[in-house]
Amino acid sequence: MPGGRLTHENRRQIAIWLADGLGYAEIARRLGRPTSTISREVARNSARDGYLADRAQQAAGQRARRRRPVQVPEPPADGRPDASVRGFVERFATLLVETGLPRMPARVFVCLLTSDSGGLTSAELVRRLQVSPASVSKAIGYLEAIELVRRMQEAGRRERYVIDDDVWLRAFKADTGAHAEVAAAARHGIEIFGAGTPAGTRLGQMAQFFTWISEQMNGSGLTDAVVRDALTVLAALVYAARPLTVDELATALNWPIQRAAGALDTISRRPILSDPLTVEQVGRGAYGITPRPDRLSSAQRDALIVSPRSTRGTRQ
């Protein structure tokens, strides 16, 4: 085909015409090619015994394989189009950059986050991100230093980089103003990857965590155990449906008094933990639960107060 690559048949014709004594210009005219194409072909693939078509074809195939290594395309996960996945990785990485993470570590981190296994090798990261191995290595070193990623040794000398399940308790505790956007992006990612997929599950955990720290943590030093204690006290007050003292809470939960008092103190200092409820002290050291007044307007509260007569009138 004129203008395309030389075929095996083209090379056979070149060999025949060279043997007939034709010059490069005439051979090029007959094949509809530039003269330079023929001269380069002959110079590149000739040996002591001259130009041989079969040898030239084999050499050209070997050069083509060296120039263009075979790329194994990533199969679309769960039918998701590659373009949407790549677009999500880039957009999410941009948001992480706004929280202070450098660009390449952010791209590598999101790539790991959205992999089905939660881990990838260096070669897999290079292929997915279309970057150099050196760029991946530097990014992994950065992520390791801030404990977002760890190495896992596989068979042989190959390493896989993984994200642990508790990564969010060890990172991103400073609210820079972009965490709410990261949470929103994570929720969007769930729509792309699916809530039931491994990536969707990790993104759901990420969205929950970033929403929480955006509203509440900001360097508070809260731990998972402290939060669980606070939520347990809330559940106890809701279940009891009456005010309870610290002693009563401690006895019911089989806790030391200091633990129950600490959970109540956490709720008072971090009211978002009880949202949409609030814990209030009501007489003689007892604590009760009421809806947060700022969650409903006065008109909404009035509309929800139904008199016994109107209630009876609606029954069938």
Under 4.0 Å between a Lys/Arg side-chain N and an Asp/Glu carboxylate O for Glu90 and Arg103?
yes
Closest approach of Gly200 and Ile190, non-hydrogen atoms and distance?
O-CG1, 3.7 Å
Using side chain to side chain donor-acceptor pair (under 3.5 Å) as the criterion, list what pairs up with His8, not counting sequence neighbours.
Asp54
Side chain to side chain, Ser132 and Val126, heavy atoms closer than 4.5 Å
no
Counting C-beta onward and ignoring hydrogens, is there a side-chain heavy-atom pair between Leu203 and His188 closer than 4.5 Å?
no
Between Ser137 (side chain only) and Pro133 (backbone N and O only), is there a donor and an acceptor less than 3.5 Å apart?
no
Give me the atom names and distance for the closest heavy-atom approach of Glu248 to Pro243.
OE1-O, 4.2 Å
As an exercise, state the distance from CZ of Phe109 to OG1 of Thr114, rounded to the nearest 0.5 Å.
10.0 Å
Could you walk me through whether Leu277 and Val238 pass the side chain to side chain contact (heavy atoms under 4.5 Å, CB included) check?
CA-CA 10 Å; Leu277 304 174; Val238 170; 4.0 Å; yes
Kindly state each residue pair satisfying salt bridge (Lys or Arg N to Asp or Glu O under 4.0 Å) with at least one member in residues 252-266, sequence neighbours excluded.
Asp229-Arg259, Asp265-Arg269
Do the non-hydrogen side-chain atoms of Gln208 and Arg187 ever get within less than 4.5 Å of each other?
no
List the steps and the verdict of side chain to side chain contact (heavy atoms under 4.5 Å, CB included) for Leu253 and Val233.
CA-CA 8 Å; Leu253 298 174; Val233 164; 4.2 Å; yes
Report whether Leu6 and Leu52 are members of the same hydrophobic cluster (ILVMFWY, side-chain heavy atoms less than 4.5 Å apart, transitive linking).
no
Evaluation steps, salt bridge (Lys or Arg N to Asp or Glu O under 4.0 Å), between Glu124 and Arg160:
CA-CA 9 Å; Glu124 290 168 336; Arg160 181 171 293 272; 3.4 Å; yes
Pairwise side-chain contact, Tyr287 with Val246, heavy-atom cut-off 4.5 Å (strictly under)
yes
On a heavy-atom basis, which atom in Ala185 and which in Leu95 lie closest, and how many Å separate them?
CB-CD1, 3.3 Å
How long is the span from the CG atom in Leu143 to the CE atom in Met104, to the nearest 0.5 Å?
11.0 Å
Quick check: do Asn45 and Arg55 have side-chain heavy atoms less than 4.5 Å from each other?
no
Indicate yes or no for a side-chain donor-acceptor contact from Arg150 to the backbone of Ile163 under 3.5 Å, with no hydrogens or angles considered.
no
Can you check whether Ala43's main-chain N or O pairs, donor with acceptor, with Ser46's side chain at less than 3.5 Å?
no
Quick one: pull up CZ in Arg242 and CG in Leu244 and give me the separation to the nearest 0.5 Å.
5.0 Å
Trace of the side chain to side chain contact (heavy atoms under 4.5 Å, CB included) decision for Leu264 with Leu249:
CA-CA 10 Å; Leu264 287 165; Leu249 277 168; 3.9 Å; yes
Just by distance, do the side chain of Ser135 and the backbone of Val131 share a donor-acceptor pair under 3.5 Å?
no
Got Leu96 and Val110 here, is their nearest side-chain heavy-atom distance under 4.5 Å?
yes
Close side-chain approach of Val279 and Thr290, heavy atoms under 4.5 Å:
no
CD (Glu41) and CD1 (Ile27) are apart, to the nearest 0.5 Å, by 10.5 Å
Do Thr278 and Pro291 have side-chain heavy atoms sitting under 4.5 Å apart?
no
Between the CZ atom in Arg40 and the OH atom in Tyr24, the distance rounded to the nearest 0.5 Å is 12.5 Å
Tell me the closest heavy-atom pair linking Ala207 and Ala186, and the distance in Å.
CB-CB, 3.7 Å
Do side-chain atoms of Thr37 reach the backbone of Arg33 as a donor and acceptor pair under 3.5 angstrom?
no
Taking it one step at a time, do Phe92 and Val97 satisfy side chain to side chain contact (heavy atoms under 4.5 Å, CB included)?
CA-CA 9 Å; Phe92 208 162; Val97 169; over 6 Å; no
Can you run down the salt bridge (Lys or Arg N to Asp or Glu O under 4.0 Å) pairs that involve residues 16-28, sequence neighbours left out, and say none if there aren't any?
Glu26-Arg29, Glu26-Arg30
Distance (rounded to the nearest 0.5 Å) between Ile38 CD1 and Ile14 CD1:
4.0 Å
For residues Tyr161 and Glu144, is any side-chain donor paired with an opposing acceptor at under 3.5 Å?
no
Ile257 versus Ala250, closest heavy-atom pair with distance:
CA-CB, 3.9 Å
Applying the side chain to side chain contact (heavy atoms under 4.5 Å, CB included) test to Ser274, which of Ile289, Leu237, Leu231, Ile267 qualifies?
Ile267
